Every structure is written in C-alpha cells, then in structure tokens.
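First the structure, in the form of structure tokens, and then the observations on it.
These numbers come from a predicted model, not from an experiment. Quick note on labels: first sequence line is chain A, next is B, and so on, each numbered from 1.
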2 protein chains.
Amino acid sequence: MPKGMTKRRPQTRARLLEAATEVFAERGFHGTSIEDICQHAGYTRGAFYSNFGSKDELLLVLFDANSERVLDRLRAVELPEGDTDVFAAAVAAAATPPDDDRTWFLITTEFTLYAVRNPRAAAALNERDARLRTSLAELLGELYTRAGATPAVDLEDLARLVVAVVEGARAQSHLEPDALPPGRLEQQFLPTVLRALAAPRR
Amino acid sequence: MPKGMTKRRPQTRARLLEAATEVFAERGFHGTSIEDICQHAGYTRGAFYSNFGSKDELLLVLFDANSERVLDRLRAVELPEGDTDVFAAAVAAAATPPDDDRTWFLITTEFTLYAVRNPRAAAALNERDARLRTSLAELLGELYTRAGATPAVDLEDLARLVVAVVEGARAQSHLEPDALPPGRLEQQFLPTVLRALAAPRR
DNA sequence: TGTATCGGATACGTATCTGTATCCGATACA
DNA sequence: TGTATCGGATACAGATACGTATCCGATACA
C-alpha cells in the first residue's frame, strides 16, 4: 500500500473496475458513459476522475488484469496421464470456458477493435498474445512428448492456429449457443488436427 | 425505382452508406455520430433522417449489403484443375483477402458485438453465417470429390471449422500484419487439416 | 409551362456527457 | 485529541449529439 493513506481507495478502484466490466459488456465501450460506470458502481464522477485519468486508461487496466487471468488459466492446465488418447484428453481438459466468458468475450473483442485503431492498446494486446502463444507452444510441446510424437511444424505457428480456432469458435458459440455449445468445435476437430501435424514415424 | 420520383435519392443513400462505412471503420459504430457520417458524405442531418430511421437501421443495411458481397466472393471461387495438390491449390485460390478487408473486418467485428446484444442483428448475422456455411460446405464437397476422397466428417461442421480458422487468423493478421500476413496461416495449415479429415482409404 | 410533390437544408429546443474547480467528511498520524 | 491530508461529492460551464418541425429549391408530370 502506498505511503499517504489508503484502504478506501483500492476498494473503490476495484468496484469501479468491476462496474465497468459489467457495463462495457452490456453496452460496449463507446456506448458507455463515465457517468454510467459510476452510477453502476454507486459513486459519482468525482470518484472516477480521482482514480483514473480517462475511460481509455481504465480500459487498459481492465484488459491487463484480464490478461493475467487468461495466462493463469492456461498455465494451470494439467495434461492428463492416461494413455488412451492424449490429444483428445488434453483438448477436453483445456476447452471448458469459465462462466463469465460471455462478458470477457465482449470486452476482449471490444478491446481488439480499440487496438486496431490505437497503437498503445495494440502493443498491450500483441504482448499478451505473444506470451499466450509462448505458454501454449510449451504446452503443445509437452503434449507431443507425452504422445511419443514429434511436431511437424513450428510450435509457435501451431499455437497461432490453435488460438485462431479457439477464438473463431468462441465467436460462433456466443452468437449461436444452441447450435454450437462452447468447446464443441475444439473437441470435435483439434485432436485430429494435432495428431495430423505430428511428424510421420520414421 | 419506386413510384413518386427519385434519382437523387438512391445516390445520396449510397453516398451516406459509403461514408458510414469509412467512418465506422475509423471510429467505430458508437464512436461515430450521425453528424460525422453526414459531414463525411457532404450532407446535413436532414438528408440522413430522410433516408434512414436511425444509425442502427443504417448499420443493418450496411451489413446486409456486405453479406451479399461476401457470399458472391465465395461462390466465385473456382477450384483449380491441376492434379498436383488439390487442397493446397484450393486454399491458395480462396485465401486472398480483398484490399478493403481491414475496413470490413472492423465493421463486421463491430457488427458481431452489436449482434450479441441485439436479437434482430443476431438473426441477420446468423442467417448470413448459415448461408455462408452452406456454400462453403458445397465447395468443400466438390473439393473432396476432385481429390478422389471422401470427407470423414459432416461438411457443415467442417465449414464451421474453416470459418473459425479464417476469422481467427484474420484477427491476428489485422493486429500484427508483419508477423502474420493475411492468408498465411490458412495456407500453412488448412491443406493438411483438410487432407487429414478425409476418410481413410478402404 | 404550371404545379404538386419530393429531397434535402436550416433552425430550434433538449438531453447528455465531459472535465474541472471547489468543498466537506473521514482517516492516518503525531 | 488535534490536525494535515486524502477521497470522494457537489456544483458549474461548455460542448456535442439528437430528433423534429419547417422551409425552399428541384424534379416529375399533366
């Protein structure tokens, strides 16, 4: 805790961030006024400007916090031991989205749009994605090892593919949850794909 | 042309739509005021309200128009004849994005967000996606035929996968054009993936 | 050529949002 | 317990966006 005083401050910061999460998810970033956030959090705009310089700044903080969460989730994935179908088991273990996925899908997508137009945000997003791919590549490497196979392609490239599939599927699932339950596309295809990208036995 | 009169009308409509396309891409849907659109098109708000009921309505029209374009593009894909690597050739033929892809990536993504929150838009989006998948499944079927193979999975499901990969890759490319040129991920992986999903020869 | 209708411009009132400047209660700290 | 500082509320002034109501020039049509 910084020098002067505090105790209320981190609380209101947290509450503002949480409120912003919900309101952004509901109405979008541009569609949300600072007033909306404060109202939803039970504060006035005074509190907001005392804690953040602008709506943009808050969004960056929000995104960074979520990035850590996502990375933690990925790092927490444990590869199963069973020797039946390692690929399928691994995908199944990793493919369950959290309950609040809808909210974060909306915010992350919003942030993506924001990033395409804003260099500072693009940097943050690309850095997160790079770290995510590194972790994922690591995991994939271990997966192939356990399967007793060698990957036939660069693991970072493969990580890009996996991210593309996951993100693409996520969008479809959030638009038509009934037609495509979350995780289904991944479970249906990723095991086969990963297996197909193992180097041929020699 | 409708009864009363017209000639100017469809022109200004078109110009407003074109202006909206550009401004939405630049500042986002919520970030764009109706005034912005009119100014960029060289009209006043009077012209806007005479042609559209609201910004939302205009967005729907914009999206529908683009949907047709996308479907036309897909239907125009011609499978190559050469017998070398049919899968690679097909992917290469289909993977080149149009020049204005960035603009439409932004708008479509924006529209996706809009759709997650708005049933009417979701219906439009899902209908387009369904038609897109149908066309794509057809194309894939023909592709397997030419390859002398039988698909091992439902083609509509496979179409979902392809769409996921393409959309996921598109997002990555627009965020890091240098690290991932448009179409590269597709060309690198899709041929192998499609081949791997052919039923084993019997 | 006259005239009714159409398309878009202009003008207006209102609502909302923004950022800052100031004020007051609460809390740490001596 | 006194006091300086901190956190958030309140108050204010300006800007921007919205939708409508009205007006005027242009075009179809008789």
Could you pick out which residue, Gly46(A) or Ile34(A), lies toward the 5' side of DNA chain C when each is mapped onto its nearest nucleotide? Ile34(A)
Distance, rounded to the nearest Å, where Gln39(A) contributes CD and dG8(D) contributes P: 18 Å
Could you tell me how far apart Glu35(B) (CD) and dT10(C) (P) are, to the nearest whole angstrom? 11 Å
Contiguous pairing runs of three or more, Watson-Crick or G-U under 3.5 Å, that involve DNA chain D: C:1-30 with D:1-30
Which part of the nucleic acid, if any, lies within reach of Tyr43(B) when heavy atoms closer than 4.0 Å are counted: base, sugar-phosphate only, or nothing? sugar-phosphate
Which part of the nucleic acid, if any, lies within reach of Thr44(B) when heavy atoms closer than 4.0 Å are counted: base, sugar-phosphate only, or nothing? base
Side-chain donor/acceptor pairs under 3.5 Å, residues 38-46 of chain A, sequence neighbours excluded:
residue	atom	partner	partner atom	Å
His40(A)	NE2	Glu22(A)	OE1	3.4
Arg45(A)	NE	Glu35(A)	OE1	3.3

Are side-chain N/O atoms of Ser67(A) and Arg131(A) paired as donor and acceptor at under 3.5 Å? no
Would you kindly give the CG-to-P distance between Asp36(B) and dC18(D), to the nearest whole Å? 8 Å
Quickly work out the Arg13(B) CZ to dC6(C) P distance and round it to whole Å. 16 Å
Do the rings of Phe111(A) and Phe63(A) sit parallel, tilted or perpendicular, given the 30° and 60° boundaries? parallel
Starting at the 5' end of DNA chain D, which residue's closest nucleotide do you reach first, Ser50(A) or Arg45(A)? Ser50(A)
Salt-bridge test for Glu186(A) and Arg160(B): reply yes if a basic N is under 4.0 Å from a carboxylate O, no otherwise. no
Is Ser33(B) near enough to dT16(D) that one of its side-chain N or O atoms lies under 4.0 angstrom from OP1 or OP2? no
Figure out the CG/C1' separation between Leu16(B) and dA9(C), and round it to whole Å. 13 Å
Polar side-chain atom of Asp36(A) near backbone of Thr32(A) as donor-acceptor pair, under 3.5 Å: no
Here the distance between atom P of dC29(D) and atom NZ of Lys7(B), to the nearest Å, is 11 Å
Looking at CG of Leu136(B) and CG of Leu161(B), how far apart are the two atoms once the value is rounded to the nearest 0.5 Å? 10.0 Å
Nearest-Å distance for atom pair CZ/C1', residues Arg9(A) and dA28(C): 15 Å
Quickly work out the Phe48(A) CZ to dT10(D) C1' distance and round it to whole Å. 18 Å
OP1 or OP2 of dG8(C) versus the side-chain N and O atoms of Asn51(B): is any pair under 4.0 Å? yes
Regarding Arg146(B) and Glu142(B), does a basic nitrogen lie under 4.0 Å from an acidic carboxylate oxygen? yes
